[in-house]
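Letters A, B, ... mirror the listed sequences (proteins, then strands); counts begin at 1.
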Amino acid sequence: AQSVTQLGSHVSVSEGALVLLRCNYSSSVPPYLFWYVQYPNQGLQLLLKYTTGATLVKGINGFEAEFKKSETSFHLTKPSAHMSDAAEYFCAVRISSGSARQLTFGSGTQLTVLP
Amino acid sequence: SAVISQKPSRDICQRGTSLTIQCQVDSQVTMMFWYRQQPRQSLTLIATANQGSEATYESGFVIDKFPISRPNLTFSTLTVSNMSPEDSSIYLCSVLGDRGYTFGSGTRLTVV
């Protein structure tokens with residue numbers, strides 16, 4: 001079975017500072033990895049995903065993540081935080097083979113951006 | 001990507017009653033999922049809704065409590081039965097289509 005660990009349930013950064021949200025996964029087979037953002041009272045929006053190919057993945061709103069197999073990590077970064085980035089962020093994993101297609105989510109990281 | 005209409009968006013229910021949540025998709029999709037998001041927690045998969053057959057439930061969730069229907073490739077319902085305050089949560093429908101996963105906007109359920 002696969003699992004996801006997000007280190008830090010709350011992260012605060014100043015506007016303009018680097019955003020780093022950590023995600024480590026466990027999977028017995030090569031994973032597909034995802035980052036989602038959830039704004040208050042809204043559904044989940046896909047930021048980016050890794051399936052195969054280039055390990056550095058660029059997403060929407062200036063976010064990117066790098067798949068590091070040796071570290072079993074998929075950390076989310078953004079060079080310069082904006083006030084509008086304040087939200088809940090979820091890392092998710094899915095196995096890349098077999099019939100199971102459901103996502104397994106991490107516990108989430110609440111990002112606060114300080115003026 | 002697929003567009004999901006999930007209803008109701010929120011409800012306040014009396015304990016002991018049941019609520020049925022509907023998920024309508026604008027295109028045919030093979031896989032549909034139901035998640036629960038408890039206050040300040042992550043999403044937990046309840047079950048995979050299978051078209052034409054019984055849903056596949058995750059550990060800790062049972063059909064008697066969360067019956068699911070999937071009559072066709074564009075529609076599914078989740079019923080929360082015999083509700084208690086512990087069932088207060090956000091329930092989300094999700095689909096896997098040709099362009100990846102899409103999530104409904106959720107149903108915010110409060111049981112009093």
Could you check whether any side-chain heavy atom of F33(B) comes within less than 4.5 Å of a side-chain heavy atom of R101(A), counting everything from C-beta outward? yes
Run through the side-chain heavy atoms of Ile, Leu, Val, Met, Phe, Trp and Tyr, join any pair under 4.5 Å, and report what else lands in V29(A)'s cluster. I95(A)
Are any of the side-chain heavy atoms of Y101(B) and K49(A) separated by less than 4.5 Å? no
Which distance, rounded to the nearest 0.5 Å, do you find between the CD of Q37(B) and the CD of E88(A)? 7.5 Å
Below 4.5 Å, heavy atoms only, C-beta onward: do T56(B) and Q102(A) meet side chain to side chain? no
Can V3(B) be reached from V25(B) by stepping across I, L, V, M, F, W or Y side chains whose heavy atoms are under 4.5 Å apart? no
Just by distance, do the side chain of Y35(B) and the backbone of L103(A) share a donor-acceptor pair under 3.5 Å? yes
Among the clusters formed by ILVMFWY side chains lying less than 4.5 Å apart, do L48(A) and Y39(A) turn up in the same one? yes
Applying a heavy-atom distance below 4.5 Å, give me the residues of residues 106-115 of chain A that approach chain B, sorted by number. G106(A), S107(A)
Can you tell me if CG on L7(A) sees more than 12 non-hydrogen neighbours from other groups inside 6.0 Å? yes
Toward chain A, the part of L45(B) with a non-hydrogen atom under 4.5 Å: side chain
Using the rule that Ile, Leu, Val, Met, Phe, Trp and Tyr join whenever any side-chain heavy atoms are under 4.5 Å apart, tell me whether F67(A) and I60(A) fall into a single cluster. yes
Centroid separation F103(B) to Y36(A) less than 6.0 Å: yes
Other residues, nucleotides and ligands only: do more than 12 of their heavy atoms fall within 6.0 Å of NZ on K7(B)? no
Contact part of L46(A) toward chain B, heavy-atom cut-off under 4.5 Å: side chain, backbone, both or neither? neither
Same hydrophobic cluster for I4(B) and L43(B), using side-chain heavy-atom links shorter than 4.5 Å among ILVMFWY? no
Test side-chain contact (heavy atoms from CB on, under 4.5 Å) on T102(B) and Q45(A) and set out the steps. CA-CA 8 Å; T102(B) 305; Q45(A) 181 182 6; over 6 Å; no
Going only through I, L, V, M, F, W and Y residues with side-chain contacts under 4.5 Å, is there a path from F105(A) to V37(A)? no
